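This report refers to the structure that appears directly beneath it.
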2 protein chains.
Amino acid sequence: MQEMLSQATTLEALQGFVESLRDVYDIEHLVYHSVNPKGGQYAALTYDPSWVERYIEEDYARIDPVVQSAYRRFHPVDWKALDWSAKTTRQFLGEAIDAGIGNQGFSIPIRGPSGQFALFSANQKGNDDAWAAYTNERVSDLILIAHYLNEKALEIEGSEERGPVRPLSPREKDTLTLLALGNNRANVAETLNISENTLRVYIESARFKLGATNTTHAVAMALLHGLIVV
Amino acid sequence: MQEMLSQATTLEALQGFVESLRDVYDIEHLVYHSVNPKGGQYAALTYDPSWVERYIEEDYARIDPVVQSAYRRFHPVDWKALDWSAKTTRQFLGEAIDAGIGNQGFSIPIRGPSGQFALFSANQKGNDDAWAAYTNERVSDLILIAHYLNEKALEIEGSEERGPVRPLSPREKDTLTLLALGNNRANVAETLNISENTLRVYIESARFKLGATNTTHAVAMALLHGLIVV
DNA sequence: GCCGCCCTCACCATTTTGGGGGAGGGAATA
DNA sequence: TATTCCCTCCCCCAAAATGGTGAGGGCGGC
């Protein structure tokens with residue numbers, strides 16, 4: 001199976017890979033869904049194309065409780081554990097079921113550097129017990145698949161989503177870190193025991209290196225690039 | 001093995017688990033190393049305690065090329081592929097080898113929401129070929145272990161590293177997102193087709209919800225909490 | 001129906017940032 | 001040795017952000 005994946009060099013091939021996986025794993029639907037930072041989405045999945053189109057058209061990722069919940073979790077999420085109570089959520093659920101998505105499912109969140117985020121989901125119709133048995137048996141396999149699939153997808157898409165940036169000097173890192181924590185220039189300068197004038201040089205050079213238009217932008221970019229850790 | 005892990009309820013038990021894993025996998029050292037956002041670190045590992053102490057004391061995570069490189073990658077990293085040329089890095093390497101760390105190794109980066117980051121590394125002394133054979137055989141197992149180990153560590157530590165925050169309204173998200181991209185208030189207001197005065201209300205209410213002292217802080221917090229996606 | 005939250009807009013004084021200069025000493029690298 | 005960063009400091013002035021306060025309409029939940 002991994003040999004098959006390693007031969008995939010296009011996103012279309014990934015799509016085919018996911019489809020064949022569905023048969024191997026004897027499940028109705030498998031979905032690899034990459035939510036790129038820039039708002040672009042890519043998916044390799046077994047859903048009905050019309051549902052996919054609608055999902056993207058309506059930007060359902062914003063209300064899809066699976067996406068929203070997985071985005072702030074580490075563990076794989078069983079769909080049963082989600083909150084489906086909100087009105088918009090119930091409506092979304094109704095549409096999804098009409099489109100043939102199973103009532104049982106679980107999703108594995110996958111993260112990369114710079115905020116890359118993807119979901120690998122398996123789902124089908126069925127009762128709770130059967131589903132619990134299935135997930136219990138398959139979860140390790142699916143975690144690994146999620147991992148390799150994401151690795152491959154990033155490789156194909158070109159993982160340099162955010163262009164490379166010049167590394168920051170230690171002082172620049174200190175500066176942006178303290179700014180990210182909510183300090184203003186005066187505070188940061190005091191903390192670092194330097195004059196505010198000096199501090200400004202660091203901020204501006206960091207901004208220049210990052211191609212940022214202002215301090216907020218520079219801090220956001222430094223965080224997203226993993227250049228500073230708060 | 002997973003049963004053994006599921007019974008671990010303390011960080012000490014995790015330590016024991018990692019030690020027994022080392023024997024099962026016939027390797028010199030295994031290291032689970034969680035780098036918490038706040039700068040706190042936790043590790044379950046098989047290194048010499050004096051090296052661990054020194055590592056923490058000197059804050060070597062800041063210069064350790066394994067940590068630095070893994071932090072901005074998705075794939076597991078083989079230590080051979082790293083850049084060991086910088087002076088401080090070579091010195092660090094010398095100290096590490098003196099402390100008994102193997103010359104061959106690889107590390108699997110693991111990420112959670114809100115910027116949680118951990119590393120699971122395996123290493124030992126040996127030549128390149130033997131190491132390549134070992135990693136090729138074991139990498140899938142180790143990826144899974146890394147996954148479960150991190151899941152368990154977060155569970156034990158309490159994964160609410162950053163206190164919960166009130167959710168942001170759609171307009172607040174829009175606002176912070178556009179600010180994170182480097183727009184100033186005037187631009188954002190124009191983009192959203194609202195007056196700058198209105199925009200300010202969103203910024204301030206977002207700041208209030210997040211407990212942020214200024215816009216930069218609010219944007220940084222929103223990014224780290226996964227409340228906005230840029 | 002009331003309460004809370006969201007969306008929208010306004011004004012004014014003050015504080016904070018940004019733009020654009022210049023300058024010296026030190027460390028590292030090519 | 002020359003060049004390139006890095007760290008440190010200074011000045012002036014314009015532009016932008018912030019703090020505080022007030023206010024109306026809408027929607028959804030209890």
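Just so we're clear, the structure is a prediction, and the values are computed from it rather than from any experiment. Labels below follow one simple rule: chain letters A, B, ... track the order of the sequence lines, proteins then strands, and each chain is numbered from 1.
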Just by distance, do the side chain of [X] and the backbone of [Y] share a donor-acceptor pair under 3.5 Å?
X       : Y       : answer
T213(B) : G182(A) : yes
H29(B)  : Q124(B) : no
K209(B) : P167(B) : yes

Whole angstrom value for the distance that separates [atom2] of [N] from [atom1] of [X]:
X       : N       : atom1 : atom2 : result
I203(A) : dC6(D)  : CD1   : P     : 16 Å
E204(A) : dG22(C) : CD    : C1'   : 13 Å
N214(B) : dT16(C) : CG    : P     : 11 Å

Working to the nearest 0.5 angstrom, can you tell me the gap between L179(B) CG and N183(B) CG?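 L179(B) CG to N183(B) CG: 7.0 Å, rounded to 0.5 Å.
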
When the rotation axes relating C1' atoms of four end pairs to the next four are compared across the helix from dG1(C)-dC30(D) to dA30(C)-dT1(D), five pairs an end, they differ to 10° by 70°

Side chain of R171(A) (C-beta onward), nearest among dT18(D), dT8(D), dC7(C): dT8(D)

From the candidates dT18(D), dC9(D), dC7(D), the one with an atom nearest any side-chain atom of V201(A) is dC9(D)

Indicate the ring-plane relationship of W131(A) and Y134(A), choosing parallel, tilted or perpendicular according to the 30° and 60° boundaries. parallel

Plane angle bin for F92(A) and W51(A) - parallel if under 30°, tilted between 30 and 60°, otherwise perpendicular: tilted

At under 4.0 Å between heavy atoms, what does T213(B) touch on the DNA or RNA strands: base, sugar-phosphate, or nothing?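 Here T213(B) touches the backbone only, sparing every base.
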
Base, sugar-phosphate, or nothing for S205(B), non-hydrogen atoms under 4.0 angstrom? nothing

Can a side chain N or O of [X] be found less than 4.0 Å away from OP1 or OP2 on [N]?
X       : N       : value
Y202(A) : dT8(D)  : yes
S169(A) : dC5(D)  : no
R207(A) : dG19(C) : yes

Do Y55(A) and D64(A) pair up side chain to side chain, a donor and an acceptor below 3.5 Å, judged on atom types alone? yes

Contacting residues from residues 172-200 of chain B, given that a heavy atom lies under 4.0 angstrom of DNA chain D: N184(B), R185(B), R200(B)

Is it the case that the ring center of F74(A) lies less than 6.0 angstrom away from the ring center of H147(B)? yes

Testing N127(A), D78(A), D128(A), T135(A) one by one against Q104(A) for a side-chain hydrogen bond (donor to acceptor under 3.5 Å, both in side chains), which residue passes? D128(A)

